[in-house]
Chemist: 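This is the structure I have questions about; it appears just below.
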Amino acid sequence: MTTAGDIMHRGAQWIPAHETLDRAAQLMRELNVGALPISDENERLCGILTDRDIVVGCVAMGHDPSRVTAGQMAKGTPRWINADADVSEVLHEMEEHQIRRLPVIQNKRLVGMISESDLAQHLTEDQLAMWVETVYARTPSH
């Protein structure tokens, strides 16, 4: 059985909710990632911040990224998967909620992230095609 822990990208890092978006952008650059999980004061997942969120939700709206926090950008219920979950559960979670990045949690701690590139490296062509069709082609239900 292939698990979330098997396919995830290790070394994912939180951005604390109180950190500003300019700091989040710097961290994304340093880590070479396009998304960061947002943690509350108890290191619990409270959202995910993407580079697109910073550009479209802050900069393009005329806001100053040094004055807007990651927590202010957190919206909706954050999705995550347990490191022991089967890859079929990973696909279901991502397809059901039409998400492209999924934090992986073990013992209530962030241990990795699963992104499109992780799926591309570990899925069969048929599995990947089905995932792409479901995530990108379907109209969001929320």
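Numbering starts at 1 and runs along the sequence shown.
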Chemist: Hey, quick one: are L91 and V104 part of the same hydrophobic cluster, counting side-chain heavy atoms closer than 4.5 Å, chains of contacts allowed?
Modeler: yes

Chemist: Is I114 reachable from W80 through a run of hydrophobic residues whose side-chain heavy atoms are each under 4.5 Å from the next?
Modeler: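 Unlinked, W80 and I114 end up in two clusters.
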
Chemist: Check whether any side-chain heavy atom of T3 sits under 4.5 Å from a side-chain heavy atom of N82, and report yes or no.
Modeler: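 Result no, sub-4.5 Å side-chain heavy-atom pair not found.
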
Chemist: When rounded to the nearest 0.5 angstrom, what is the spacing between CG in L102 and CD1 in I7?
Modeler: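 Interatomic distance, L102 CG to I7 CD1, rounded to 0.5 Å: 9.0 Å.
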
Chemist: Step through the shown structure and confirm whether more than 12 heavy atoms of other residues, nucleotides or ligands are within 6.0 Å of CZ on R44.
Modeler: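 No, CZ of R44 has 12 or fewer neighbouring heavy atoms, counting only those of other groups under 6.0 Å.
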
Chemist: side-chain contact (heavy atoms from CB on, under 4.5 Å) for M28 and L36? Distances and angles first, verdict last.
Modeler: CA-CA 7 Å; M28 286 179 187; L36 294 169; 3.8 Å; yes

Chemist: Hey, is the main chain of V135 close enough, under 3.5 Å, to the side chain of Q98 for a donor-acceptor pair?
Modeler: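 Judged by distance alone, yes, a pair lies under 3.5 Å.
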
Chemist: Taking everything shown except M1 itself, do over 12 heavy atoms lie less than 6.0 Å from its CE?
Modeler: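 Yes, CE of M1 has more than 12 neighbouring heavy atoms, counting only those of other groups under 6.0 Å.
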
Chemist: Out of curiosity, E43 CD to K108 NZ, how far, rounded to the nearest 0.5 Å?
Modeler: 13.5 Å

Chemist: Indicate yes or no for a side-chain donor-acceptor contact from E89 to the backbone of D86 under 3.5 Å, with no hydrogens or angles considered.
Modeler: yes

Chemist: Evaluate side-chain contact (heavy atoms from CB on, under 4.5 Å) for D118 paired with M8, printing each intermediate quantity in order.
Modeler: CA-CA 6 Å; D118 298 312; M8 72 182 182; 5.7 Å; no

Chemist: With side chains defined as the heavy atoms from C-beta onward, is the minimum distance between P78 and I48 less than 4.5 Å?
Modeler: no

Chemist: Measuring only between side-chain heavy atoms, which start at C-beta, is V68 closer than 4.5 Å to M73?
Modeler: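 SC-SC contact between V68 and M73 confirmed.
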
Chemist: Look up atom CH2 in W14 and atom CG in D40, then write down how far apart they are to the nearest 0.5 Å.
Modeler: 8.0 Å

Chemist: Do you reckon I54 sits in the same ILVMFWY cluster as L31, going by side-chain contacts under 4.5 Å, direct or chained?
Modeler: yes

Chemist: Would the distance check show the side chain of E19 and the main-chain N or O of P16 forming a donor-acceptor pair, the cut-off being under 3.5 Å?
Modeler: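 Judged by distance alone, no pair lies under 3.5 Å.
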
Chemist: Mind running side-chain contact (heavy atoms from CB on, under 4.5 Å) on I15 and L27 for me, showing each step along the way?
Modeler: CA-CA 8 Å; I15 185 79; L27 187 55; 4.0 Å; yes

Chemist: Does a donor on one side chain and an acceptor on the other come within less than 3.5 Å for T124 and D126?
Modeler: no

Chemist: First locate atom CH2 of W131, then atom CZ of R100, and finally report the distance between them rounded to the nearest 0.5 Å.
Modeler: 7.0 Å

Chemist: Side chain of N107, backbone of R109: donor and acceptor closer than 3.5 Å?
Modeler: no

Chemist: Can you tell me how far CG of D6 sits from CG of D84, rounded to the nearest 0.5 angstrom?
Modeler: 9.5 Å

Chemist: Decide yes or no on side-chain contact (heavy atoms from CB on, under 4.5 Å) for D64 and T20, but give the supporting numbers first.
Modeler: CA-CA 10 Å; D64 181 351; T20 59; over 6 Å; no

Chemist: Can you tell if the side chain of M113 reaches within under 4.5 Å of the side chain of P37, non-hydrogen atoms only?
Modeler: yes

Chemist: Under the 3.5 angstrom rule, does the side chain of H63 hit a backbone N or O of V59 as a donor-acceptor pair?
Modeler: no

Chemist: Linking I/L/V/M/F/W/Y whenever any side-chain heavy atoms sit under 4.5 Å apart, do L119 and Y136 land together?
Modeler: yes

Chemist: When you group the ILVMFWY residues by side-chain heavy-atom contacts below 4.5 Å and let the links chain together, are V33 and I38 in the same group?
Modeler: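 Yes, I38 and V33 fall within the same hydrophobic cluster.
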
Chemist: Just how far is it from atom CZ of R67 to atom SG of C58, taken to the nearest 0.5 Å?
Modeler: 11.5 Å

Chemist: So does E125 have more than 12 non-hydrogen atoms from other groups sitting under 6.0 Å from CD?
Modeler: no

